[in-house]
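Presented below is the structure to which this report refers.
In what follows, chains carry the letters A, B, and so on, assigned in the order in which the sequence lines appear, proteins first and then strands, with residues in each chain numbered from 1.
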Amino acid sequence: GDSVTQMEGPVTLSEEAFLTINCTYTATGYPSLFWYVQYPGEGLQLLLKATKADDKGSNKGFEATYRKETTSFHLEKGSVQVSDSAVYFCALSDRNYGGSQGNLIFGKGTKLSVKP
Amino acid sequence: DAGITQSPRYKITETGRQVTLMCHQTWSHSYMFWYRQDLGHGLRLIYYSAAADITDKGEVPDGYVVSRSKTENFPLTLESATRSQTSVYFCASSDHGQFSYEQYFGPGTRLTVT
């Protein structure tokens, strides 16, 4: 079945460092891809998304490009801030027809800590 | 308030008791979901609903019951709570319009079963 694999955390960076969180997926069909962020004590928030190959999602300085040839959707940010400390989840949508169409499949999450 | 809300935010219950977690959304989204979040497992889908009176099992449905008599509400019931059901529970909704499958999450309910 469809699955998402993302790098294990935790990831600890200094402020203004470059961030990459790797995400690869296995899917039949053509899923949409998402990055969600979870701040301490809160629910998940959509950070960015891409719906087809070569699309780049971007938001708040974060970017990710939908790479069909490598089945990847790596999250990047050029200069992280302390306020970016959170858990980041990669996810794909099930676009197969049927009752589960549109259900999201999540990776296990990567905890990011940014030190001043 | 607009959005998706969950209640209670925190709950402590004893093994064997029945407990219901509430979820309410104001967007009239057709789809609603219940997840549990546990260390090492990420988010796992318990049940989902495509519309009022239509529900289906997710990855880990055992020990849980759902209903959806109204579009805006999607309660999750633990019929006889067990310690393994100690977790953080998230409700989410989605409108699935034009293949836009992004989900919107509530703030979560932290449930402890003693």
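Interatomic distance, CZ of B/Phe33 versus CG of A/Asn103, reported as 5.0 Å (0.5 Å rounding). Rounding to the nearest 0.5 angstrom, the gap separating the CD atom in B/Gln37 from the CG atom in A/Leu44 is 6.5 Å. Taken from CZ in B/Arg44 to NZ in A/Lys108, the straight-line distance is 9.0 Å, to the nearest 0.5 Å.
Neither the backbone nor the side chain of B/Ile54 comes within less than 4.5 Å of any heavy atom of chain A. Interface remark: A/Leu46 contributes side-chain atoms only to the contact with chain B (heavy atom separation under 4.5 Å). For B/Arg110, no part lies near chain A; criterion is any non-hydrogen pair under 4.5 Å. Heavy atoms of B/Gln6 lying under 4.5 Å from chain A are absent altogether. Only the side chain of A/Gln38 comes within contact range of chain B, with at least one heavy atom under 4.5 Å from a heavy atom of that chain.
Environment of CZ in B/Arg17: sparse, with no more than 12 heavy atoms of neighbouring residues, nucleotides or ligands closer than 6.0 Å. A 6.0 Å sphere centred on CD of A/Glu15 holds more than 12 heavy atoms belonging to other residues, nucleotides or ligands. Counting heavy atoms of neighbouring residues, nucleotides and ligands inside a 6.0 Å radius, atom CD of A/Glu8 does not exceed 12 of them.
Of the residues B/Phe90, B/Tyr104, B/Phe105, the one that meets the ring-ring contact (aromatic ring centres under 6.0 Å, His included) test with A/Tyr36 is B/Phe105.
A continuous path of ILVMFWY side-chain contacts below 4.5 Å connects A/Leu48 to A/Val37, so both sit in one hydrophobic cluster. When hydrophobic clusters are built by joining Ile, Leu, Val, Met, Phe, Trp and Tyr residues whose side-chain heavy atoms come closer than 4.5 Å, directly or via intermediates, B/Leu21 is grouped together with B/Phe74. Cluster membership check: B/Ile4 does not share its hydrophobic cluster with B/Met22, using side-chain heavy-atom separations under 4.5 Å among Ile, Leu, Val, Met, Phe, Trp and Tyr.
Counting side-chain heavy-atom gaps under 4.5 Å among Ile, Leu, Val, Met, Phe, Trp and Tyr, B/Val65 is found in no cluster with other residues.
You'll find the side chain of B/Tyr48 stays beyond 4.5 Å of the side chain of A/Leu104, heavy atoms only.
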